[in-house]
Amino acid sequence: MTPSRHIPSIAPDTVGGLDPRAMCLEILDENRIMSIGTVRSDGWPHVTQVNYLRLDHALYFVVSRDSQKFANIDRDPRVSIALGGIQSPRGLSIAARAMEVRDGERIKQLNRAMQARSKSAAFAPHPSSPLVAIMEARPEIISLVDYTKPPGARRLMRVIEDWRLEPVTN
């Protein structure tokens with residue numbers, strides 16, 4: 001029998017010299033694409049990649065109103081998000097709830113932020129339909145994984161209101 005590989009939990013106060021909240025925000029801000037998993041009507045998962053923008057305490061992305069992703073979120077707002085790990089040995093796995101942004105002023109603000117980012121960071125959403133929706137994902141649980149030093153470390157946290165993080169104990 002081979003021994004199982006144990007990934008230790010990250011120390012409660014810091015991760016690589018940063019507090020876990022700062023590291024999560026840093027990972028979110030240094031990435032531009034996330035994989036988002038939704039639940040299809042037949043119960044199977046549906047995973048696609050989307051560009052995203054972190055603004056305040058949420059992640060925003062654009063989808064076609066006639067897409068499977070939009071229909072799935074409309075039916076069941078629970079989503080799973082994974083990002084990081086391509087350019088860096090750190091990443092996040094996020095359980096969130098997603099919803100369509102419907103407030104006209106907020107949509108204008110988000111459009112301005114997305115357009116500003118597209119000039120500096122290649123934010124280029126291209127839904128297949130001219131009928132698009134801006135979606136907001138609010139994280140509820142975050143799993144932070146850091147492989148910068150072997151064997152790697154992980155931390156599971158609950159997101160409280162304004163990105164305060166509370167450890168989840170098993």
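From a predicted model like this one, the values you see are computed outputs, not experimental measurements.
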- Query: For the side-chain contact (heavy atoms from CB on, under 4.5 Å) test, which of R21, R158, M23, R155 pairs with L165?
  - Reply: R21

- Message: To the nearest 0.5 Å, what is the distance between CD1 on I141 and CD on E166?
- Response: 10.0 Å

- Mark yes or no for whether R54, through its side chain, and D56, through its backbone, hold a donor-acceptor pair below 3.5 Å. yes

- Note on the structure: Rounded to the nearest 0.5 angstrom, the CG-CG distance for D146 and L92 is 10.5 Å

- Item | R106 and Q109 side chains, donor-acceptor separation under 3.5 Å | yes

- Task: Give a yes or no on whether V39 and I94 share a hydrophobic cluster (residues Ile, Leu, Val, Met, Phe, Trp, Tyr; joining criterion: side-chain heavy atoms under 4.5 Å apart).
- Result: no

- Apply side-chain contact (heavy atoms from CB on, under 4.5 Å) to the pair V62 and M114, showing each step before the final yes or no. CA-CA 10 Å; V62 178; M114 288 176 189; 3.8 Å; yes

- Using a strict 4.0 Å threshold on nitrogen-to-oxygen distance, state whether D42 and R40 make a salt bridge. yes

- Residues L28 and Y52: closest non-hydrogen pair is O-OH, 2.6 Å

- Task: For residues Y60 and V101, report the shortest heavy-atom separation together with the two atoms involved.
- Result: CE2-CG2, 3.9 Å

- Note on the structure: I27 and G91 have their tightest heavy-atom pair at CD1-N, 4.1 Å

- Query: Got a donor-acceptor contact below 3.5 angstrom from the S64 side chain to the S67 backbone?
  - Reply: no

- Query: Should K69 and V50 be marked as a side-chain contact (heavy atoms from CB on, under 4.5 Å) after you check the CA-CA gap, both sets of side-chain angles, and the distance that decides it?
  - Reply: CA-CA 11 Å; K69 186 171 29 260; V50 295; 3.7 Å; yes

- Item | Distance in Å, I73 CD1 paired with Q68 CD, rounded so as to fall on 0.5 Å steps | 11.0 Å

- Message: Assess the residue pair E140 and R78 against the criterion (salt bridge (Lys or Arg N to Asp or Glu O under 4.0 Å)); give the C-alpha distance rounded to whole Å, side-chain angles, the decisive distance to 0.1 Å, and a yes or no.
- Response: CA-CA 10 Å; E140 293 186 11; R78 296 173 302 155; over 6 Å; no

- Roughly how far apart are D76 CG and T38 OG1, rounded to 0.5 Å? 8.5 Å

- Reported CG-to-CD1 distance for the pair L83 and I36, which is rounded to 0.5 angstrom: 10.5 Å

